Amino acid sequence: MTPSPTGIPAVDAVLVWGGAATVLGGAATMAWRSIAGARRLAGRLDEFIDDWSGTEPRPGVPARPGVMERLGGIEQRLASVEHELHPNSGASLRDAVNRVDVRTARLCEETE
């Protein structure tokens, strides 16, 4: 093999440059994927902030209330949930669970 002016054989120089191009291409690909992931994350964060704080109306799009505004009547909803947790006239969820429990216990006694 004939050495090049730098003293490195020609085939070795090609391999060195090929390796350098591969490393640079890999680094560029990793940088591109990292930037794309960061942009996607930033977009999701922007959507979350819009959902949390709400959006103003704009042409063709109605206003959307924020989370705190939507939860404004939470006390009333919590009271209705609390109502389902205690036995009453037979219409609550607790009454239904009690009925199922009694029926299951009766079936278990019959099968023994």
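Treat the numbers as computed from the prediction; the structure is a model and nothing was measured.
Screening residues 35-63 for salt bridge (charged side-chain N to carboxylate O under 4.0 Å, His left out) gives D51-R64 as the qualifying pairs, with residues at least two apart or on separate chains.
Using a distance-only test at 3.5 Å, with no hydrogens or angles considered, no donor-acceptor pair links the side chain of R33 to the main chain of A28.
In this structure, E69 CD and W52 CH2 are separated by 13.0 Å, a value rounded to the nearest 0.5 Å. One distance of note links CG of L24 with CH2 of W17; it measures 9.5 Å at 0.5 Å rounding.
Under 3.5 Å, the side chains of S92 and D95 contain a donor-acceptor pair of N or O atoms.
Qualifying side chain to side chain contact (heavy atoms under 4.5 Å, CB included) partners for I49, counting only residues two or more places apart in sequence or in other chains: L45, S53.
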